[in-house]
**Q** 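Handing you a structure now.
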2 protein chains.
Amino acid sequence: MNDDAMDLRARNSQATREAISHAALRLAIEQGPHGLALVRVHDIATAAGVSPRTYNNYFSSRAEAICAFQADQSRRVGQALRSRPADEPLDQAVIAAVIELYTNPEPDRAGLSMIMSTPELEGEALKAFSMAEGPLAEAIATRTGTERDLFPAVMAAAIAGAIRVAGRRWLEPGNPEPFAAILRHALSCVFP
Amino acid sequence: MNDDAMDLRARNSQATREAISHAALRLAIEQGPHGLALVRVHDIATAAGVSPRTYNNYFSSRAEAICAFQADQSRRVGQALRSRPADEPLDQAVIAAVIELYTNPEPDRAGLSMIMSTPELEGEALKAFSMAEGPLAEAIATRTGTERDLFPAVMAAAIAGAIRVAGRRWLEPGNPEPFAAILRHALSCVFP
DNA sequence: CCTGATATTGCGTGCCACGCACTATATGCG
DNA sequence: CGCATATAGTGCGTGGCACGCAATATCAGG
């Protein structure tokens, strides 16, 4: 995961990928939720310093490029849980892992708002959040030992859903609460 | 919701909508998850007995047409919960409502499998399942009185996730359990 | 039967995803 | 250090899709 772990080719590739997704999200934010159709592939590619064809080698749709950061973030949830001490109770471990991952740094309000409140991005945004479920379910299974049960998968889906709902609440206008507090509150609904 | 509740125009419209989505799902199943790209708009429209342009008046993408039935099903979850007796505990009411809705009749294995195991439909499928969340959260809020809390939304997301996970498990090859049993098991993970 | 409203359709347009072939650049080995 | 090979970037062409617009067909109700 660290850059040092890859050779030059892989690091260049990663940098290009991030340049494209970053440009895509920035342009989308500039146009706002109602002008997404105006964000053309050509603009994204140009802003990222690559050809339109190269953009399409990394992402197969504008929505995927725009939501790539959120998807990457989700993919890290499982690993974040695994890095918690093994003797910590599941609920505390999950809450600590999620809060650590999602508040360091605090998410970008504009980006999250763009992703979560643009109808044309809804499917891709849900996909991005649900990317957490697979690895998270595995991490839960190894932690609890209930490997062949429905429990890990259901719990992972519930946690991913709670994170999503917390994000929605955090974005509501005039909400002074820090994201961490809302996250903790939402997750506490899952672990009664 | 009953056909008698609409005038002739609305019923025709509904019939057309169902003809299109039904044709779309049928053709998608015929081609299988790996041949989705071969299901062309023209074929869907022809199979439904309408022009391609009319297809596009009802759905704005093939994925939306294919997943329409699942989306409609999800939209009914809130109402199903509301129709449970008010004095029933939340967990029992939810479980009864969901099982009633999702096993009467038993879902179509081929259709559900197509929707849930085709990567290109993943976003739309997640959207379809998440359609339950809004109405379901409202139904939970009115039932529990916790209107302004995160609880209803988080619980709704968890329930929708549990239904989705149950569907995935039910589709696993060589699984003899009836859907109702898996659903009950999955939902019991949400209500500890 | 007539009239206004709604549904259906045909046509044209801009854009997008992607296959293919070619070039440029990095990597590893003799 | 050069050379062979693998991998990234690019240009071009193609098929298809979503949708705006305007014309037409169909229907409800007086």
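Letters go in sequence order (proteins before strands), and every chain restarts at 1. Excluded from the calculations below are hydrogen atoms, water molecules and symmetry mates; all remaining heavy atoms, backbone and side chain alike, are included.
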**Q** What are the two closest heavy atoms between A:Leu38 and A:Asp43, and how far apart are they?
**A**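 It is O-OD2, 3.8 Å.
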
**Q** Rounding to an integer number of Å, can you tell me how far B:Tyr55 OH sits from C:dG10 C1'?
**A**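 For the pair B:Tyr55 OH and C:dG10 C1', the rounded distance is 17 Å.
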
**Q** From CG of A:Asn57 over to P of C:dC16, roughly how many Å is that when rounded to an integer?
**A**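 About 16 Å, once rounded to whole Å.
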
**Q** Once rounded to the nearest 0.5 Å, what's the spacing between atom CG of B:Leu136 and atom CD1 of B:Ile159?
**A** 4.5 Å

**Q** Classify the ring geometry between A:Trp170 and A:Phe179 as parallel (under 30°), tilted (30 to 60°) or perpendicular (over 60°).
**A**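 Tilted, since the angle between the ring planes falls between 30° and 60°.
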
**Q** Quick one: is A:Thr16 getting a side-chain N or O under 4.0 Å of the D:dG9 phosphate, OP1 or OP2?
**A** yes

**Q** In whole angstrom, what separates B:Ile66's CD1 from D:dC17's P?
**A** 11 Å

**Q** Just to be sure I understand the rule, does B:Thr54 reach a base, reach only the sugar-phosphate, or reach nothing, if contact means heavy atoms closer than 4.0 Å?
**A** base

**Q** Atom OH of A:Tyr58 to atom C1' of C:dC16: distance rounded to whole Å?
**A**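 Result: 20 Å.
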
**Q** Atom CZ of B:Arg11 to atom C1' of D:dT26: distance rounded to whole Å?
**A** 16 Å

**Q** Return yes if some donor-acceptor pair links the side-chain N/O of B:Tyr58 with the main-chain N/O of B:Ala65 below 3.5 Å, else return no.
**A**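 No; zero donor-acceptor contacts below 3.5 Å.
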
**Q** Tell me which nucleotide among C:dT9, D:dT10, C:dC16 gets nearest to the side chain of A:Arg62.
**A** C:dC16

**Q** In whole Å, what is the span from the CG atom of B:Asn56 to the P atom of C:dT9?
**A**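 Roughly 13 Å, once rounded to whole Å.
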
**Q** Check the pair A:Glu30, A:Arg26 against salt bridge (charged side-chain N to carboxylate O under 4.0 Å, His left out), reporting the backbone distance first and the verdict last.
**A** CA-CA 6 Å; A:Glu30 281 176 11; A:Arg26 185 176 61 81; 2.8 Å; yes

**Q** Whole Å only: how far is the CZ atom of B:Arg17 from the P atom of C:dT8?
**A**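 It works out to 12 Å between those atoms.
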
**Q** When rounded to the nearest 0.5 angstrom, what is the spacing between CG in A:Leu150 and CZ in B:Arg169?
**A** 4.0 Å

**Q** Identify, residue by residue, the members of residues 26-51 of chain A with a heavy atom below 4.0 Å from DNA chain C, and return them in order of residue number, or none.
**A**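 Result for residues 26-51 of chain A: A:Arg40, A:Val41, sorted by number.
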
**Q** How many whole angstroms separate atom CD of B:Glu64 from atom P of D:dA18?
**A**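 Distance, rounded to whole Å: 10 Å.
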
**Q** So for A:Arg53 and D:dG11, does any side-chain atom that can act as donor or acceptor lie under 3.5 Å from a complementary atom in the base?
**A**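 Checked by distance alone, the answer is yes.
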
**Q** Decide yes or no for A:Arg143 and A:Arg84: does some side-chain heavy atom of the first lie under 4.5 Å from some side-chain heavy atom of the second?
**A** yes

